[in-house]
Amino acid sequence: MIDVRVLDGAETTALEDQLREVFAEAFAEPPYGEGPADVDRAFRRFRSQARRKGFRAAVAFDGDRVVGMAYGYPLSASTGWWDTLVEHVAAELRLEDGTRTFGLFELAVRPSWRRQGVATAMHRRLVAGLPNERVMLNTRPEATAAQAAYRAWGYRRVGAAVPWDGAAVHDVMVLVLG
């Protein structure tokens with residue numbers, strides 16, 4: 001039986017070793033092909049992300065073992081996220097005020113726990129009761145299973161971005177809440 005818990009930054013940081021394992025397993029596969037350097041880069045960001053105001057995580061456990069994670073925080077009014085777009089979007093879509101958009105930065109499930117509703121349960125718990133107007137995420141276009149899940153949950157593609165130097169092009173997707 002999977003137990004999904006909503007955690008704050010300090011509670012999530014205490015699980016970093018297990019979260020690193022989830023990330024490493026989930027993103028080693030195609031289309032990602034990420035290795036140890038990618039895991040290290042992601043978790044350097046994670047430590048500062050977990051300290052952000054409004055950070056929230058939904059972590060899936062099988063007993064004491066972490067089998068999935070989803071986390072994010074509200075985008076600041078001065079976020080650079082929209083600056084990574086490689087397609088034009090309306091200025092109104094880019095407008096941030098510090099509370100409008102919850103950025104979903106990671107969602108991953110260990111391969112042996114996939115196709116059991118873990119990602120859906122984590123996503124549902126993560127966004128339940130958020131005070132934000134919408135949720136935004138970046139995803140690889142060739143990640144067909146992830147794309148299908150996001151669309152099933154109500155996300156729509158609003159553009160494309162290169163989220164960091166050297167990254168592949170990602171689809172930018174938005175879910176309107178409420």
Side-chain angles (χ1 to χ4, degrees), residues 4 6 12 19 22-23 26-34 38 41-42 45-46 49-50 52 54-60 68-111 113-178:
V4 177
V6 176
T12 308
L19 299 176
V22 171
F23 186 98
F27 294 112
E29 299 178 331
Y32 311 103
E34 297 198 358
D38 301 298
R41 178 180 36 78
R45 285 191 317 260
F46 165 77
Q49 291 169 332
R52 295 281 194 129
F55 178 92
R56 179 180 174 131
V59 179
M69 63 179 183
Y71 62 80
Y73 58 85
L75 300 182
S76 71
S78 61
T79 185
W81 197 338
W82 291 105
D83 298 335
T84 66
L85 288 169
V86 295
E87 294 178 2
H88 175 75
V89 298
E92 197 286 322
L93 185 65
R94 299 170 58 106
L95 182 65
E96 296 296 344
D97 62 6
T99 61
R100 182 180 189 197
T101 305
F102 184 87
L104 176 54
F105 289 94
E106 296 294 349
L107 191 151
V109 177
R110 290 181 191 258
W113 278 270
R114 292 185 186 150
R115 306 242 185 266
Q116 298 177 42
V118 175
T120 300
M122 289 188 311
H123 183 266
R124 190 173 292 137
R125 291 289 310 273
L126 184 69
V127 304
L130 283 176
N132 313 92
E133 177 183 320
R134 62 190 184 175
V135 179
M136 183 171 66
L137 59 83
N138 289 337
T139 184
R140 297 275 295 269
E142 61 275 20
T144 55
Q147 288 269 347
Y150 298 139
R151 284 190 176 90
W153 299 337
Y155 284 84
R156 66 180 177 85
R157 183 184 183 280
V158 297
V162 177
W164 63 88
D165 287 340
V169 174
H170 286 62
D171 284 339
V172 178
M173 301 183 84
V174 171
L175 169 69
V176 176
L177 299 173

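Keep in mind that this is a model prediction, so the values were computed, not measured.
Nearest heavy-atom pair across Pro31 and Arg140 is O-NH2, 3.1 Å. The two residues Ala70 and Leu104 have their closest heavy-atom pair at CB-CD1, 4.4 Å. The minimum heavy-atom distance between Asp97 and Thr99, with the atom names listed, is OD1-N, 2.8 Å. Here the shortest heavy-atom pairing between Ala108 and Met122 reads O-CE, 3.7 Å. Counting all heavy atoms, side chain and backbone alike, Tyr32 lies closest to Ala143 at OH-CB, 3.2 Å. Nearest heavy-atom pair, Leu130 versus Arg56, reported as atom, atom and distance to 0.1 Å: CD2-CD, 3.8 Å.
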Side chain to side chain contact (heavy atoms under 4.5 Å, CB included), that's the test. Do Val135 and Tyr155 meet it? Break it down for me. CA-CA 8 Å; Val135 179; Tyr155 284 84; 3.2 Å; yes

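We find that Glu92 and Arg100 are joined by a salt bridge, their nearest charged nitrogen and carboxylate oxygen being less than 4.0 Å apart.
Arg124 pairs by the salt bridge (charged side-chain N to carboxylate O under 4.0 Å, His left out) definition with nothing, not counting sequence neighbours.
Atom CZ of Phe102 sits about 11.0 Å away from atom CG of Leu137, to the nearest 0.5 Å. One distance of note links CZ of Phe23 with CZ of Arg41; it measures 6.5 Å at 0.5 Å rounding. Put simply, CG on Leu19 and CD on Glu106 are 10.0 Å apart, with the number rounded to the nearest 0.5 Å. Between Trp81 atom CH2 and Asn138 atom CG the span is 5.0 Å, to the nearest 0.5 Å. Interatomic distance, OG1 of Thr79 versus CE of Met136, reported as 6.5 Å (0.5 Å rounding).
Ring geometry, Phe55 versus Phe46: the interplanar angle exceeds 60°, so the pair is classed perpendicular (tilted spans 30 to 60°). Aromatic ring pairs are classed by plane angle as parallel below 30°, tilted from 30° to 60° and perpendicular above 60°; the pair Trp153 and Tyr150 is perpendicular.
Looking only at distances, a side-chain donor or acceptor of Arg125 sits under 3.5 Å from a matching main-chain atom of Val4. Between the side chain of Arg52 and the backbone N or O of Tyr73, no donor-acceptor pair lies under 3.5 Å.
With a 4.5 Å cut-off on side-chain heavy atoms, Arg134 and Leu75 do not count as touching.
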Would you give me the side-chain donor-acceptor pairs under 3.5 Å for residues 158-178, sequence neighbours excluded?
from, atom 1, to, atom 2, distance (Å)
His170, ND1, Ala168, O, 2.8
Asp171, OD1, Arg157, NE, 2.9
Asp171, OD2, Gln147, NE2, 3.0

